[in-house]
Amino acid sequence: MKLPRLLFSLLLSLTLWSAMAMASNVSYDSRSLIIDGQRKLLISAAIHYPRSVPGMWPNLVQTAKEGGVDVIETYVFWNGHEPSPGNYYFGGRYDLVKFVKIVEQAGMYLILRIGPFVAAEWYFGGVPVWLHYVPGTVFRTENEPFKFQYHMQKFTAFIVNLMKQEKLFASQGGPIILAQIENEYGYYEKDYGDGGKQYAMWAASMAVSQNIGVPWIMCQQFDAPESVINTCNSFYCDQFTPIYPNKPKIWTENWPGWFQTFGARNPHRPAEDIAYSVARFFQKGGSVQNYYMYHGGTNFGRTSGGPFITTSYDYEAPIDEYGLPRLPKWGHLKQLHRAIKLCEHIMLNSERINVSLGPSQEADVYTDSSGACAAFIANMDDKNDKTVEFRNVSYHLPAWSVSILPDCKNAVFNTAKVGYQSSVVEMLPESLQPSVVSPDKSFKGLKWDVFVEKPGIWGEADFVKNGLVDHINTTKFTTDYLWYTTSIFVGETEAFLKNGSSPVLLIESKGHALHAFVNQELQASASGNGTHPPFKLKTPISLKAGKNEIALLSMTVGLQNAGSFYEWVGAGLTSVNITGFNNGTIDLSAYNWTYKIGLQGEHLGLYKGDGLANANWVSTSEPPRKQPLTWYKVIVDPPPGDEPIGLDMIDMGKGLAWLNGEEIGRYWPRKSPTHGCVKECNYRGKFDPDKCNTGCGGPTQRWYHVPRSWFKQSGNVLVIFEEKGGDPLKIKFSRRKITGVCAIVAENYPSIDLESWPEGNGSNNTIATVHLRCPEGTHISTVNFASFGNPTGSCGSYTQGNCHDPNSTSVVEKVCLNQNKCAIELTEEKFNEDLCPSVPKKLAVEAVCS
């Protein structure tokens with residue numbers, strides 16, 4: 001069956017692609033988008049092209065398609081494409097045309113969210129930093145430099161014309177069926193006064209004037225004009241209603257997880273709640289639903305926003321940062337999509353009738369002119385399971401769940417019943433392997449090259465000024481780093497020189513982080529966080545009699561990416577004082593300060609993959625440890641295998657990393673708070689980003705994605721800049737590998753084969769079944785756990801309940817051992833159904849893939 005199914009999938013893609021090659025008409029009414037006369041219910045997936053690499057794009061798109069997705073959605077990242085005025089870049093990760101064509105070749109549609117303000121936890125919200133320094137410019141309001149002279153209209157038109165040249169709009173036979181102008185402006189419009197309203201109306205008018213032949217949308221734009229479709233962004237959009245009655249109900253951002261900031265806990269959104277939100281949206285007449293994100297990816301280099309957004313933008317999305325399906329989330333949503341699609345024709349060609357089934361229970365029923373029927377039955381009670389009567393049949397509904405009945409009889413899917421397998425995913429460590437053997441035949445270890453920065457001014461100072469300057473206005477984000485340096489003279493009569501006490505350095509900063517050096521020695525570090533970037537530093541310091549050098553390294557950790565007038569939010573030091581002198585406190589804030597932008601190593605290009613002959617490096621087999629301001633370089637072979645790779649930086653402090661000149665990004669295994677996490681997430685009830693946190697007390701981010709396509713067969717140049725001190729000998733690559741599978745299925749779970757279930761013809765007589773499948777090329781080698789009865793727990797931590805069939809393991813082993821995939825039916829022939837007769841039974845299995 002495998003070959004025919006593969007051929008069928010290929011032929012289907014070719015057919016869809018051929019159909020797309022002909023110009024399509026995209027219109028809409030109050031019910032849905034209409035493409036070439038056909039109404040569509042569309043499932044969309046956000047995949048941002050610069051947050052992965054071109055070598056990953058085809059597999060990401062295909063994995064989304066296999067997950068039941070029809071549409072890929074992406075922002076367009078203005079500051080990645082126009083790094084300086086009028087100079088455009090569309091290479092590498094920013095090859096937008098290539099990305100769109102990969103979507104087209106997969107036979108899928110695309111939603112292009114041009115913005116060009118995008119927020120997206122991307123630095124400066126996607127707007128070029130240089131634009132802020134064009135005189136008279138104010139972002140996102142009735143402002144001529146921003147709109148016309150420089151450059152919003154110009155960039156929007158540039159992208160539109162690029163898409164037109166490549167015939168990528170559906171009206172030209174391409175995949176783009178919707179385009180977006182602006183982004184979530186409704187939250188902030190009032191803060192801009194009359195200029196906000198004028199700007200929003202201008203943006204819509206400007207977009208429509210581009211004549212792209214497909215509709216324009218504006219998300220979270222509460223006063224959008226009738227020329228565009230206003231859309232919803234939220235964890236739940238079932239109650240959303242478009243402004244105008246002739247517009248379809250579109251959900252541009254359903255957040256299946258959440259972003260993370262350095263030093264914060266790790267947020268999770270359960271698959272049950274995501275599925276509930278999607279089912280409710282379509283139950284209530286929704287037409288297009290987009291997951292933001294479906295694959296979050298990586299904020300390579302210094303592209304993260306926030307500030308303090310982590311380098312990982314995993315988002316706990318259905319496809320993880322490394323490109324692997326996140327199970328069971330991806331699989332549960334795939335089954336949901338299939339169940340919704342079974343209802344598509346009926347839902348789009350009939351009126352919805354609401355039927356009350358209880359105080360917090362209801363059905364929405366669709367019946368077409370032929371009598372065909374589909375229904376969504378919901379239990380909105382967030383605590384109690386309910387049994388309801390619908391059309392003279394009883395249906396059990398877990399709390400906070402929706403059952404989908406494509407024929408108004410058979411419940412083929414329930415959002416709270418997750419039967420899809422989970423994966424055991426491990427990061428398998430691999431020591432760095434040298435690419436070349438030392439000329440000394442007795443030494444076969446790594447050879448490190450080291451360069452140590454001098455704290456403070458290197459080379460010529462950039463400028464000298466009385467007082468403290470804003471960090472971002474000074475660096476214009478050409479670097480994360482700005483040195484503030486001054487000196488102070490200490491008289492020999494100061495008491496602290498004799499009594500052993502220490503003066504105290506007091507610093508206040510608008511953000512984001514700081515390392516304080518006195519006389520070349522690191523005294524202390526401090527930083528803000530994602531909810532409050534400003535910070536204060538109070539630390540005892542060591543001063544000597546005579547002249548003392550004060551060198552303060554200020555750092556940005558991403559740039560503000562949203563908010564009213566966000567481009568004016570600054571960073572850097574605002575006051576510097578030292579207490580403990582005979583005469584009290586000395587205020588250095590108005591002293592003469594000498595400034596240097598960036599690091600010497602950045603100026604020398606030490607991060608470049610081809611900078612091997614740079615004379616500034618010093619070679620050693622024992623690189624210094626716990627030493628601040630140190631560059632490390634090592635030449636290594638790639639890790640074995642073909643699994644995705646993460647760079648393990650758990651034993652380093654904070655800094656930047658590169659491979660072969662490619663920017664891996666900021667690393668900072670900053671610890672999260674020790675409180676505020678849950679052991680088990682209750683999916684019931686409305687979700688918020690703090691509901692289901694994990695990772696308390698652990699590093700915010702330990703591993704940093706290094707795409708396989710960045711590796712050469714040998715001679716890979718890994719460069720690390722460490723700010724405050726770490727142990728480079730403990731740096732490792734780790735292979736991200738699926739090493740096991742788990743599943744837990746109850747007897748009352750829907751077990752209809754959704755792939756082969758015929759509309760209007762289904763039967764609910766099939767048997768509940770546990771399905772397990774190892775990755776291609778591996779098989780089930782060991783069954784670590786199996787229990788039929790009332791087991792509890794989750795993948796990796798299942799435990800037997802007080803009801804357990806002792807033959808469970810042998811039954812599972814008989815069916816599954818040495819198989820790539822297997823199916824274990826919950827039947828009385830296999831298991832003891834007489835066991836604990838009053839207890840609802842389920843089967844939990846955990847197996848090893850080898």
Side-chain angles (χ1 to χ4, degrees), residues 25-35 39-44 46 71 73 75 111-119 140-142 147 152 156 170 176-255 277-278 280-292 347-348 351-352 354 364 562 564:
N25 178 270
V26 182
S27 61
Y28 58 83
D29 61 13
S30 61
R31 184 62 190 94
S32 72
L33 291 183
I34 303 168
I35 302 177
R39 293 189 177 278
K40 298 285 185 181
L41 281 187
L42 296 173
I43 307 289
S44 176
V71 186
E73 174 268 307
Y75 280 127
I111 298 173
L112 191 68
R113 301 174 74 188
I114 297 174
F117 168 82
V118 298
R140 307 179 76 201
T141 188
E142 185 66 14
K147 292 186 343 183
M152 177 175 167
T156 301
I176 302 172
I177 56 170
L178 291 173
Q180 179 180 300
I181 195 69
E182 248 300 330
N183 189 69
E184 298 182 328
Y185 190 62
Y187 293 137
Y188 311 111
E189 182 180 305
K190 66 181 184 305
D191 298 332
Y192 292 89
D194 292 341
K197 173 78 170 181
Q198 294 167 21
Y199 165 73
M201 298 306 106
W202 168 84
S205 175
M206 182 270 290
V208 172
S209 72
Q210 302 295 321
N211 296 315
I212 61 177
V214 301
W216 285 89
I217 59 175
M218 295 182 83
C219 66
Q220 296 300 93
Q221 188 61 48
F222 312 123
D223 59 358
E226 195 169 1
S227 58
V228 301
I229 304 169
N230 71 297
T231 68
C232 180
N233 293 358
S234 181
F235 288 113
Y236 308 92
C237 282
D238 50 291
Q239 299 303 311
F240 167 74
T241 302
I243 297 170
Y244 300 97
N246 64 334
K247 307 295 183 187
K249 185 170 173 173
I250 296 177
W251 190 357
T252 30
E253 291 190 16
N254 179 2
W255 306 312
S277 72
V278 176
R280 287 288 289 164
F281 176 71
F282 285 108
Q283 175 177 354
K284 293 298 181 183
S287 62
V288 179
Q289 188 268 168
N290 177 63
Y291 296 104
Y292 183 102
M347 291 174 67
L348 292 177
E351 293 298 318
R352 175 170 57 92
N354 181 262
D364 284 278
S564 303

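Quick note: numbers below take in every heavy atom, side chains included, and nothing from hydrogens, waters or symmetry partners. These numbers were taken from a predicted model, which means no experiment stands behind them.
Among all heavy-atom pairs drawn from Ala170 and Ile177, the shortest one is CB-CG2, 4.1 Å. Counting all heavy atoms, side chain and backbone alike, Pro225 lies closest to Ala204 at CG-CB, 3.4 Å. When all heavy atoms of Phe282 and Val288 are compared, the closest pair comes out as CE2-N, 4.4 Å. Considering every non-hydrogen atom in both Met218 and Ala200, the closest pair reads CE-O, 3.9 Å. Among all heavy-atom pairs drawn from Val214 and Ile176, the shortest one is CG1-O, 3.5 Å. Minimum heavy-atom separation, Ala224 to Asn230: CB-CB, 3.9 Å.
Proximity of Arg280 to Tyr236: side-chain heavy atoms (C-beta onward) are nowhere separated by under 4.5 Å. Side-chain contact between Leu41 and Ser32 is absent, with no heavy-atom pair separated by less than 4.5 Å. Contact of the Met152 side chain with the Met206 side chain is registered, since non-hydrogen atoms from C-beta on lie closer than 4.5 Å.
Under the rule for a ring-ring contact (aromatic ring centres under 6.0 Å, His included), the partners of Phe281 that lie at least two apart in sequence or sit in another chain are Trp251. Not counting sequence neighbours, the partners of Asp364 by the side chain to side chain donor-acceptor pair (under 3.5 Å) test are Gln283, Lys284, Arg352, Asn354. Residues passing the side chain to side chain contact (heavy atoms under 4.5 Å, CB included) test with Asn211 are Lys164, sequence neighbours excluded. Judged as a side chain to side chain contact (heavy atoms under 4.5 Å, CB included), and not counting sequence neighbours, the contacts of Asn246 are Glu226, Tyr244.
A donor-acceptor pair under 3.5 Å links the side-chain atoms of Lys249 to the main chain of Asp238, judged by distance alone. Looking at Asp191, its side chain never comes within 3.5 Å of a backbone N or O of Ser564 through a donor-acceptor pair.
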Tabulate below the donor-acceptor pairs under 3.5 Å that side-chain atoms of residues 181-190 make, not counting sequence neighbours, or state none.
{"from": "Glu182", "atom 1": "OE1", "to": "Arg140", "atom 2": "NE", "distance (Å)": "3.4"}
{"from": "Glu182", "atom 1": "OE1", "to": "Arg140", "atom 2": "NH2", "distance (Å)": "2.7"}
{"from": "Glu182", "atom 1": "OE2", "to": "Arg140", "atom 2": "NE", "distance (Å)": "3.0"}
{"from": "Glu182", "atom 1": "OE2", "to": "Tyr199", "atom 2": "OH", "distance (Å)": "2.6"}
{"from": "Asn183", "atom 1": "OD1", "to": "Tyr75", "atom 2": "OH", "distance (Å)": "2.8"}
{"from": "Asn183", "atom 1": "OD1", "to": "Arg113", "atom 2": "NH2", "distance (Å)": "3.1"}
{"from": "Asn183", "atom 1": "OD1", "to": "Gln180", "atom 2": "NE2", "distance (Å)": "2.9"}
{"from": "Asn183", "atom 1": "ND2", "to": "Tyr75", "atom 2": "OH", "distance (Å)": "3.2"}
{"from": "Asn183", "atom 1": "ND2", "to": "Val118", "atom 2": "O", "distance (Å)": "3.1"}
{"from": "Glu184", "atom 1": "OE2", "to": "Asn233", "atom 2": "ND2", "distance (Å)": "2.8"}
{"from": "Tyr185", "atom 1": "OH", "to": "Arg140", "atom 2": "O", "distance (Å)": "2.6"}
{"from": "Tyr187", "atom 1": "OH", "to": "Gln220", "atom 2": "NE2", "distance (Å)": "2.8"}
{"from": "Glu189", "atom 1": "OE1", "to": "Gln221", "atom 2": "NE2", "distance (Å)": "2.7"}

Q: Assess whether side-chain contact (heavy atoms from CB on, under 4.5 Å) is satisfied between Ile43 and Tyr291, documenting all intermediate values.
A: CA-CA 8 Å; Ile43 307 289; Tyr291 296 104; 3.9 Å; yes
Q: Go through Thr252 and Ile111 one step at a time and tell me if the side-chain contact (heavy atoms from CB on, under 4.5 Å) criterion holds.
A: CA-CA 10 Å; Thr252 30; Ile111 298 173; 5.9 Å; no
Q | Val71/Leu178 under side-chain contact (heavy atoms from CB on, under 4.5 Å): CA gap, chis, key distance, verdict | A | CA-CA 10 Å; Val71 186; Leu178 291 173; over 6 Å; no
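Cys237 has its SG atom within less than 2.5 Å of the SG atom of Cys232.
With rounding to the nearest 0.5 angstrom, the OG atom of Ser287 is 8.0 Å from the CG atom of Leu348. Interatomic distance, Lys247 NZ to Thr231 OG1, rounded to the nearest 0.5 Å: 12.0 Å. Taken from CH2 in Trp255 to OH in Tyr292, the straight-line distance is 10.0 Å, to the nearest 0.5 Å. Separation of atoms CD1 (Ile229) and CH2 (Trp216) is listed at 12.5 Å; rounding is to 0.5 Å.
The salt bridge (Lys or Arg N to Asp or Glu O under 4.0 Å) pairs that include a residue from residues 205-223 are Lys197-Asp223, where partners are two or more places apart or lie in different chains.
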